[in-house]
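Inspection log for the structure reproduced underneath, given as C-alpha coordinates.
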Amino acid sequence: MDPSEVEFLAEKEMVKIIPNFSLDKIYLIGGDLGPFNPGLPVDVPVWLALNFKQRQKCRVVPPEWMDVEKLEEMRDLERKEVAFTAVPSPYYMELTKLLLNHASDNIPKADEIRTLVKDIWDTRIAKLRCSADSFISQQEAHAQLDNLTLMEINTIRAFLLDSLNSMYKLRSNLQPGSSKGQFLDY
(Lines give C-alpha, C1' and ligand atoms only; values in the text may rest on other atoms or scores of the structure.)
Protein backbone atom coordinates (compact mmCIF):
# COMPACT_ATOMS: atom_id res chain seq x y z
CA MET A 1 0.00 0.00 0.00
CA ASP A 2 1.46 3.33 -0.97
CA PRO A 3 0.83 6.76 0.59
CA SER A 4 -1.81 7.71 -1.98
CA GLU A 5 -3.87 4.64 -1.01
CA VAL A 6 -3.63 5.53 2.67
CA GLU A 7 -4.69 9.08 1.81
CA PHE A 8 -7.67 7.65 -0.09
CA LEU A 9 -8.72 5.76 3.06
CA ALA A 10 -8.29 8.93 5.12
CA GLU A 11 -10.71 10.79 2.87
CA LYS A 12 -13.51 8.59 4.25
CA GLU A 13 -13.08 10.10 7.73
CA MET A 14 -15.88 12.42 8.80
CA VAL A 15 -15.40 16.14 9.26
CA LYS A 16 -17.83 18.90 10.13
CA ILE A 17 -18.70 21.57 7.57
CA ILE A 18 -20.91 24.64 7.64
CA PRO A 19 -22.61 24.82 4.25
CA ASN A 20 -23.75 28.05 2.60
CA PHE A 21 -26.39 26.30 0.47
CA SER A 22 -29.60 24.33 0.89
CA LEU A 23 -29.93 20.73 -0.22
CA ASP A 24 -31.96 17.73 0.87
CA LYS A 25 -30.30 14.52 1.91
CA ILE A 26 -27.77 12.99 -0.44
CA TYR A 27 -28.20 9.23 -0.74
CA LEU A 28 -24.85 7.53 -1.31
CA ILE A 29 -23.70 3.91 -1.15
CA GLY A 30 -21.74 4.68 2.03
CA GLY A 31 -24.74 6.25 3.74
CA ASP A 32 -27.00 9.27 3.71
CA LEU A 33 -25.58 12.76 4.14
CA GLY A 34 -27.40 15.93 5.02
CA PRO A 35 -29.72 17.68 4.87
CA PHE A 36 -27.67 20.76 4.17
CA ASN A 37 -28.91 24.11 5.45
CA PRO A 38 -26.94 27.37 5.43
CA GLY A 39 -25.15 27.97 8.72
CA LEU A 40 -26.02 24.60 10.29
CA PRO A 41 -23.07 22.22 10.84
CA VAL A 42 -23.23 18.78 9.24
CA ASP A 43 -20.83 15.83 9.23
CA VAL A 44 -19.54 14.69 5.83
CA PRO A 45 -16.57 12.65 4.60
CA VAL A 46 -13.38 14.60 3.96
CA TRP A 47 -13.58 14.00 0.20
CA LEU A 48 -16.99 15.71 0.05
CA ALA A 49 -15.94 18.53 2.38
CA LEU A 50 -12.96 19.29 0.14
CA ASN A 51 -15.13 19.12 -2.96
CA PHE A 52 -17.61 21.59 -1.46
CA LYS A 53 -14.77 23.80 -0.24
CA GLN A 54 -13.16 23.93 -3.70
CA ARG A 55 -16.52 25.01 -5.12
CA GLN A 56 -16.87 27.60 -2.30
CA LYS A 57 -20.01 25.91 -0.98
CA CYS A 58 -18.95 25.51 2.64
CA ARG A 59 -16.56 26.32 5.45
CA VAL A 60 -14.65 23.39 6.94
CA VAL A 61 -14.58 23.10 10.73
CA PRO A 62 -11.25 21.62 11.85
CA PRO A 63 -11.42 18.46 13.99
CA GLU A 64 -11.23 19.03 17.76
CA TRP A 65 -7.72 17.61 17.93
CA MET A 66 -6.47 20.09 15.31
CA ASP A 67 -5.79 22.72 17.94
CA VAL A 68 -2.39 24.21 18.80
CA GLU A 69 -2.66 23.55 22.56
CA LYS A 70 -3.81 19.95 22.12
CA LEU A 71 -1.12 19.25 19.56
CA GLU A 72 1.57 20.75 21.81
CA GLU A 73 0.43 18.44 24.63
CA MET A 74 0.48 15.50 22.24
CA ARG A 75 3.97 16.39 20.99
CA ASP A 76 5.33 16.75 24.54
CA LEU A 77 3.75 13.46 25.64
CA GLU A 78 5.12 11.68 22.57
CA ARG A 79 8.61 12.97 23.35
CA LYS A 80 8.40 11.88 27.01
CA GLU A 81 6.99 8.38 26.52
CA VAL A 82 9.15 5.48 25.40
CA ALA A 83 6.22 3.67 23.78
CA PHE A 84 4.02 5.12 21.08
CA THR A 85 1.18 7.20 22.47
CA ALA A 86 -2.36 7.08 21.13
CA VAL A 87 -3.04 9.53 18.33
CA PRO A 88 -6.33 11.43 18.01
CA SER A 89 -7.05 10.01 14.57
CA PRO A 90 -5.67 6.98 12.75
CA TYR A 91 -5.11 9.35 9.82
CA TYR A 92 -3.85 12.44 11.67
CA MET A 93 -1.01 13.11 9.23
CA GLU A 94 -3.07 12.63 6.10
CA LEU A 95 -6.01 14.68 7.41
CA THR A 96 -3.70 17.50 8.41
CA LYS A 97 -2.13 17.52 4.97
CA LEU A 98 -5.47 17.42 3.15
CA LEU A 99 -7.20 20.04 5.28
CA LEU A 100 -4.26 22.43 5.40
CA ASN A 101 -3.65 22.15 1.66
CA HIS A 102 -7.27 22.75 0.68
CA ALA A 103 -8.92 24.59 3.57
CA SER A 104 -6.14 26.40 5.45
CA ASP A 105 -8.17 29.63 5.41
CA ASN A 106 -10.74 27.88 7.66
CA ILE A 107 -8.17 26.62 10.16
CA PRO A 108 -6.81 29.06 12.75
CA LYS A 109 -3.02 29.01 13.21
CA ALA A 110 -2.59 26.68 10.23
CA ASP A 111 1.19 27.13 10.02
CA GLU A 112 1.67 26.31 13.71
CA ILE A 113 -0.54 23.24 13.35
CA ARG A 114 1.45 22.08 10.32
CA THR A 115 4.71 22.46 12.27
CA LEU A 116 3.36 20.65 15.36
CA VAL A 117 2.01 17.73 13.36
CA LYS A 118 5.33 17.46 11.52
CA ASP A 119 7.14 17.46 14.90
CA ILE A 120 4.85 14.68 16.15
CA TRP A 121 5.41 12.72 12.93
CA ASP A 122 9.20 13.14 13.13
CA THR A 123 9.25 12.04 16.78
CA ARG A 124 7.15 8.97 16.04
CA ILE A 125 9.21 7.99 12.98
CA ALA A 126 12.43 8.37 14.99
CA LYS A 127 10.96 6.09 17.68
CA LEU A 128 9.90 3.64 14.98
CA ARG A 129 13.39 3.54 13.50
CA CYS A 130 14.93 2.97 16.93
CA SER A 131 12.40 0.22 17.65
CA ALA A 132 13.10 -1.43 14.31
CA ASP A 133 16.84 -1.24 14.90
CA SER A 134 16.46 -2.77 18.36
CA PHE A 135 14.09 -5.42 17.01
CA ILE A 136 16.55 -6.49 14.32
CA SER A 137 19.71 -6.29 16.45
CA GLN A 138 18.11 -8.42 19.19
CA GLN A 139 16.91 -10.91 16.55
CA GLU A 140 13.35 -10.85 17.84
CA ALA A 141 10.69 -13.03 16.27
CA HIS A 142 7.73 -10.67 16.65
CA ALA A 143 6.96 -7.05 17.51
CA GLN A 144 4.04 -5.23 19.06
CA LEU A 145 2.86 -2.26 17.00
CA ASP A 146 0.42 -0.56 19.36
CA ASN A 147 -0.77 2.95 18.50
CA LEU A 148 0.91 3.09 15.10
CA THR A 149 -0.98 4.52 12.16
CA LEU A 150 -1.23 2.88 8.76
CA MET A 151 1.03 5.50 7.20
CA GLU A 152 3.70 4.97 9.87
CA ILE A 153 3.61 1.20 9.36
CA ASN A 154 3.86 1.67 5.60
CA THR A 155 6.85 3.96 6.06
CA ILE A 156 8.90 1.24 7.74
CA ARG A 157 7.37 -1.80 6.02
CA ALA A 158 9.88 -2.25 3.18
CA PHE A 159 12.88 -1.90 5.51
CA LEU A 160 11.48 -4.40 8.02
CA LEU A 161 10.51 -6.96 5.40
CA ASP A 162 13.91 -6.84 3.72
CA SER A 163 15.69 -7.06 7.07
CA LEU A 164 13.59 -9.97 8.29
CA ASN A 165 14.04 -11.84 5.00
CA SER A 166 17.81 -11.35 5.24
CA MET A 167 17.81 -12.56 8.86
CA TYR A 168 15.81 -15.63 7.84
CA LYS A 169 18.25 -16.45 5.06
CA LEU A 170 21.22 -16.06 7.38
CA ARG A 171 19.63 -18.18 10.11
CA SER A 172 18.64 -20.94 7.68
CA ASN A 173 22.26 -21.16 6.46
CA LEU A 174 23.57 -21.48 10.01
CA GLN A 175 21.25 -24.31 11.04
CA PRO A 176 22.59 -27.86 10.82
CA GLY A 177 21.33 -29.79 7.84
CA SER A 178 20.76 -26.74 5.71
CA SER A 179 22.41 -26.84 2.32
CA LYS A 180 24.59 -23.84 1.56
CA GLY A 181 23.67 -21.64 -1.30
CA GLN A 182 19.98 -22.57 -1.36
CA PHE A 183 17.76 -19.70 -0.39
CA LEU A 184 14.04 -19.68 -0.22
CA ASP A 185 12.79 -16.20 -0.98
CA TYR A 186 9.52 -15.45 0.78
Side-chain angles (χ1 to χ4, degrees), residues 1-81 83-128 145-157:
M1 185 174 290
D2 65 17
S4 63
E5 292 171 315
V6 178
E7 188 174 290
F8 174 78
L9 294 174
E11 289 176 353
K12 295 179 184 180
E13 290 287 298
M14 300 299 273
V15 69
K16 196 173 292 295
I17 64 166
I18 300 175
N20 58 14
F21 63 95
S22 292
L23 185 67
D24 289 334
K25 275 190 174 184
I26 300 175
Y27 301 97
L28 302 173
I29 292 173
D32 302 343
L33 301 173
F36 299 91
N37 295 306
L40 295 178
V42 62
D43 288 327
V44 298
V46 170
W47 65 265
L48 185 60
L50 297 180
N51 182 290
F52 283 158
K53 176 65 180 163
Q54 288 171 344
R55 294 187 299 151
Q56 299 177 354
K57 297 285 184 188
C58 75
R59 185 169 57 84
V60 177
V61 178
E64 288 183 21
W65 58 265
M66 200 175 280
D67 175 66
V68 172
E69 289 78 24
K70 290 181 182 176
L71 289 171
E72 284 175 341
E73 288 174 17
M74 196 173 125
R75 179 197 58 197
D76 295 341
L77 182 62
E78 192 67 52
R79 287 178 176 171
K80 278 193 289 189
E81 295 290 327
F84 293 96
T85 59
V87 289
S89 167
Y91 302 105
Y92 76 97
M93 187 64 175
E94 299 88 313
L95 290 175
T96 301
K97 179 183 170 218
L98 286 167
L99 293 176
L100 290 180
N101 285 347
H102 299 286
S104 61
D105 56 327
N106 294 155
I107 300 172
K109 301 180 181 177
D111 290 333
E112 288 180 58
I113 288 171
R114 184 174 314 208
T115 303
L116 286 167
V117 169
K118 181 73 169 113
D119 287 348
I120 293 166
W121 172 264
D122 290 342
T123 302
R124 292 176 66 85
I125 293 300
K127 273 188 193 181
L128 190 54
L145 301 176
D146 291 343
N147 297 324
L148 285 178
T149 66
L150 191 54
M151 187 67 84
E152 292 164 347
I153 292 170
N154 279 314
T155 301
I156 198 88
R157 178 181 302 201

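Start at 1 with the first residue, then count along the sequence. Computed from heavy atoms alone, side chains included, the values below leave out hydrogens, waters and symmetry copies.
Within the 4.5 Å cutoff, the side chain of I120 has no heavy atoms near those of the M93 side chain. Between N101 and R114 the shortest side-chain heavy-atom distance falls below 4.5 Å. Side-chain contact between R124 and F84 is present, with at least one heavy-atom pair separated by less than 4.5 Å.
The backbone N or O of I17 sits nowhere less than 3.5 Å from a side-chain atom of K53 that would complete a donor-acceptor pair. Using a distance-only test at 3.5 Å, with no hydrogens or angles considered, a donor-acceptor pair links the side chain of N20 to the main chain of Q56. Between the N106 side chain and the V60 main chain, a donor and an acceptor come within less than 3.5 Å of each other.
Between K127 and E81 there is no salt bridge, since no side-chain N of the basic residue sits under 4.0 Å from a carboxylate O of the acidic one. The pair K80-D76 does not meet the salt-bridge criterion, since no charged nitrogen lies less than 4.0 angstrom from a carboxylate oxygen.
Of all the heavy atoms in V42 and P19, the pair that sits closest is CG1-CD, 4.2 Å. For the residue pair S4 and D2, the shortest heavy atom distance occurs at OG-OD1, 2.7 Å. Closest approach of N37 and S22 over heavy atoms only: OD1-OG, 4.4 Å. Closest heavy-atom contact between D67 and E69: OD2-OE1, 3.0 Å. For the pair N147 and E152, the tightest heavy-atom approach, listed with the atom from each and the gap, is O-OE1, 4.2 Å. M14 approaches P45 most closely through the heavy-atom pair SD-N, 3.6 Å.
For the side chain to side chain contact (heavy atoms under 4.5 Å, CB included) with F36, the lone residue among D24, I18, V44 that qualifies is V44.
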Could you walk me through whether E94 and E13 pass the side-chain contact (heavy atoms from CB on, under 4.5 Å) check?
CA-CA 10 Å; E94 299 88 313; E13 290 287 298; over 6 Å; no
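A tilted orientation is assigned to the rings of Y92 and W121, their planes being inclined by 30° to 60°.
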